[in-house]
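Every value quoted in this text rests on a predicted model; they were computed, and no experiment measured them. Computed from heavy atoms alone, side chains included, the values below leave out hydrogens, waters and symmetry copies.
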Amino acid sequence: MKYIFLFIAALLFAISTYAQNYFGDYDIPTYTTQKSNATMTFKNQSKYHMTVKILKLKGGLYYTVDLPPRSSETVDFYSSATYKMKIRAMVNGRASYHKGGNFSVTSTSERWSQGEITFKLVVTKTGGGSGLGPTISKKEFDSNN
């Protein structure tokens with residue numbers, strides 16, 4: 001019985017080593033059971049600096065995105081939820097604060113969101129114009145709710 005056990009153990013070790021060498025020679029994709037995550041890419045298409053606060057609709061700051069002019073950043077979301085945005089745009093050295101609206105993401109092992117939100121700030125010669133949503137106060141922007 002002892003010899004049978006040693007023979008089986010040696011056989012399993014040899015098969016394992018062979019499989020590692022066999023598959024190591026090929027570019028075979030590796031699949032894992034890791035949960036997929038949702039992503040959202042935030043793009044700033046203006047020549048102004050923007051800060052986007054992403055807040056959970058039901059409680060608290062999730063992430064702050066710093067967007068220099070003509071830049072983008074991708075944010076990962078690990079659970080399904082609805083979020084809201086608050087935006088600060090720096091225009092000619094002055095801050096402009098805005099309510100950016102809501103968005104939802106799905107993040108499960110079977111389905112996940114991949115989206116893009118683009119910001120484009122336009123300032124007219126008279127100083128008006130935006131495109132970023134309703135204006136809010138600095139105090140409201142600073143709060144994380």
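Every side-chain contact (heavy atoms from CB on, under 4.5 Å) that Leu57 has, sequence neighbours left out, goes to Thr82, Lys84, Asn102. Every residue two or more places apart in sequence or in another chain that forms a side-chain contact (heavy atoms from CB on, under 4.5 Å) with Lys43 is listed here: Thr41, Ser72, Glu116, Thr118. Here Phe141 pairs with Tyr97 under the ring pair (Phe, Tyr, Trp, His ring centres under 6.0 Å) rule; sequence neighbours left out. Scanning for side-chain hydrogen bond (donor to acceptor under 3.5 Å, both in side chains) contacts around Asn145 gives Ser143, with sequence neighbours left out. Remark: Asp142 engages Lys138 in a salt bridge (Lys or Arg N to Asp or Glu O under 4.0 Å) (not counting sequence neighbours). In this structure Tyr63 satisfies the ring pair (Phe, Tyr, Trp, His ring centres under 6.0 Å) test with no other residue, sequence neighbours excluded. Under the side-chain hydrogen bond (donor to acceptor under 3.5 Å, both in side chains) criterion, Thr51 pairs with Arg88, sequence neighbours left out.
The list of salt bridge (charged side-chain N to carboxylate O under 4.0 Å, His left out) pairs with a residue in residues 52-73, not counting sequence neighbours, is empty.
Scanning both residues, Ser46 and Leu121, for their nearest heavy atoms gives CB-N, 3.6 Å. The two residues Val75 and Tyr62 have their closest heavy-atom pair at CG1-CE2, 4.1 Å. The two atoms that bring Ser104 and Ser113 nearest to each other are O-OG, 4.5 Å, heavy atoms only. Smallest separation of non-hydrogen atoms from Phe77 and Ser107: O-OG, 3.3 Å. Pairing each heavy atom of Val105 with each of Ala38, the nearest pair is CB-CB, 4.1 Å.
The other residues sharing a hydrophobic cluster with Leu61 are Leu55, where clustering joins ILVMFWY side chains under 4.5 Å apart.
With hydrogens and angles disregarded, no donor-acceptor distance shorter than 3.5 Å links the side chain of Asp76 to the backbone of Thr39.
Taking hydrophobic clusters as Ile, Leu, Val, Met, Phe, Trp and Tyr residues chained together by side-chain heavy-atom distances below 4.5 Å, Ile136 does not share a cluster with Leu132.
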